[in-house]
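Below: one structure, written as structure tokens.
Side chains are part of it too, since the values below use all heavy atoms of this structure and drop only hydrogens, waters and symmetry mates.
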Amino acid sequence: MTIPSSLTYGVAYVLVLSSLMVAGIEDYRSRLINDKYWIPAIIAVPLVIYSVVSNTIIEGEYIIDVMIGIILAASIYVGRFMGEADSIAILLISLATPPPLILNPVLLILNLPIISILINSFIPTMALMLINVYINVKNSSKCSNDLNLTQLILLRCSSVESILRKPLAYSSPGSSLIRAGSDAESYVANLPKDAWVWMQYNYPYVFILAISYVIYIVAGNIIANYALMHTLISPLISQNII
């Protein structure tokens, strides 16, 4: 049993991150992602498979991670809970990201790449939500209805002109929160371009995954590991000090 090369891991991380960052930027801009952006991540897949088969422990971790990724990606794609690009991103993250060598089963599950990145996605998601609330508070006078905090997070007060420029970023206020989709163009078709309306805001999840991947490379599953350290390790340290 051998330890995979750190160079191999580094190359895989760079390839996946390059795909996610380019795709994520396009997702943020237009919600349209060209399939060619996934080529670097696809190239990383055989590289990762070759590197993990030399270590039985990491190979087992990789298989678990891939199975979780396939199940999540298939569920998202079939159920249309997110966009097609979101399911592709999740699948490629699990296939093209080498897992760390961890013997503790609890730490292993928490630090599997796909689990770590999905948990880390809470951080950029919260940041985007706060930005959305700020935009809504700033522009609320231009839209007529009073909204509660949940609606301020899920909806966005936007001009018809901006909606028509980026229609996939919006859906009508009554659209399903479960199924991905956009009916923005038809919803505002008969409104003047200088009108402002409340629309459901479709968060750019590939962009969120790209930021979460950076967090994973730098700090692993920062949320779960911090919580675990705070609840288990800190009390032990305190008792030893006492």
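Linking Ile, Leu, Val, Met, Phe, Trp and Tyr whenever their side-chain heavy atoms come within less than 4.5 Å leaves L191 and W196 in two separate clusters. Grouping the Ile, Leu, Val, Met, Phe, Trp and Tyr side chains by contacts below 4.5 angstrom, directly or via other members, places L130 apart from L155. Hydrophobic clustering of Ile, Leu, Val, Met, Phe, Trp and Tyr side chains at less than 4.5 Å, counting indirect connections, unites V214 with Y37. Under the 4.5 Å side-chain contact rule for hydrophobic residues, M67 and V45 do not share a cluster. I39 and V14 are assigned to two separate hydrophobic clusters, defined by single-linkage of ILVMFWY side chains at heavy-atom distances under 4.5 Å.
Exactly one of I63, L112, L118 qualifies for a side-chain contact (heavy atoms from CB on, under 4.5 Å) with I68. That residue is L112.
Remark: S94 engages D65, L91, I114 in a side chain to side chain contact (heavy atoms under 4.5 Å, CB included) (not counting sequence neighbours).
In this structure, CE on M82 lies 7.5 Å from CG on L209, to the nearest 0.5 angstrom. Of the inter-residue distances, the one linking R165 atom CZ with R29 atom CZ reads 14.0 Å to the nearest 0.5 angstrom. Separation of atoms CD1 (I93) and CG (L72) is listed at 10.5 Å; rounding is to 0.5 Å. In this structure, CZ on R156 lies 11.5 Å from SG on C143, to the nearest 0.5 angstrom. If you take OG1 on T97 and OH on Y9, they are separated by 10.5 Å, rounding to the nearest 0.5 Å.
S182 contributes a side-chain N or O that, together with a main-chain N or O of Y170, makes up a donor-acceptor pair within less than 3.5 Å. Of the possible polar contacts, none joining the S162 side chain to the S158 backbone as a donor-acceptor pair under 3.5 Å is found. Here the side chain of K138 pairs no donor or acceptor atom with the backbone of V133 at under 3.5 angstrom. Although no hydrogens or angles enter the test, the distance criterion places a donor-acceptor pair under 3.5 Å between the side chain of S75 and the main chain of I71. For the pair R31 (side chain) and N202 (backbone), a donor-acceptor distance under 3.5 Å is present. At distances below 3.5 Å, at least one donor-acceptor pair connects side-chain atoms of D86 with backbone N or O atoms of G83.
Heavy atoms only, all atoms of each residue included: E59 and V52 are closest at CB-O, 3.5 Å. Heavy atoms only, all atoms of each residue included: P100 and Y216 are closest at CD-OH, 3.6 Å. Looking at every heavy atom in both residues, S19 comes nearest to A41 through OG-N, 3.0 Å. Among all heavy-atom pairs drawn from A23 and W38, the shortest one is CB-CH2, 3.8 Å. Here the closest heavy-atom approach between residue L20 and residue A210 is recorded as O-CB, 3.4 Å. Closest heavy-atom contact between G69 and I90: O-CG2, 4.0 Å.
Taking 4.5 Å as the limit, some side-chain heavy atom of P204 sits within range of a side-chain heavy atom of L128. Here the side chains of I163 and V197 are in contact, with some heavy-atom distance below 4.5 Å. In this structure the side chain of L92 reaches within 4.5 angstrom of the side chain of I42, judged on heavy atoms. Side chains of C157 and I135 form no contact here, defined as non-hydrogen atoms less than 4.5 Å apart. Under the 4.5 Å side-chain criterion, counting only non-hydrogen atoms from C-beta, N132 is not in contact with L152. Two residues are said to be in side-chain contact when any heavy atoms from C-beta on lie closer than 4.5 Å; Y62 and P98 fail this criterion. Side-chain atoms of N34 and E26, non-hydrogen and from C-beta on, never get closer than 4.5 Å to each other. P173 places a side-chain heavy atom less than 4.5 Å from the side chain of Y187.
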Exercise for review: Could you check V188 against M199 for side-chain contact (heavy atoms from CB on, under 4.5 Å), going step by step and ending with a plain yes or no?
Suggested key: CA-CA 10 Å; V188 302; M199 296 291 286; 4.3 Å; yes
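Between the side chains of D183 and S171, no donor-acceptor pair of N or O atoms lies under 3.5 Å.
Taking the six-membered ring where the residue is Trp, Y13 and Y213 present perpendicular rings, their angle passing 60° and hence far from 30°.
Residues Y205 and Y203 place their aromatic rings such that the two centres sit no closer than 6.0 Å.
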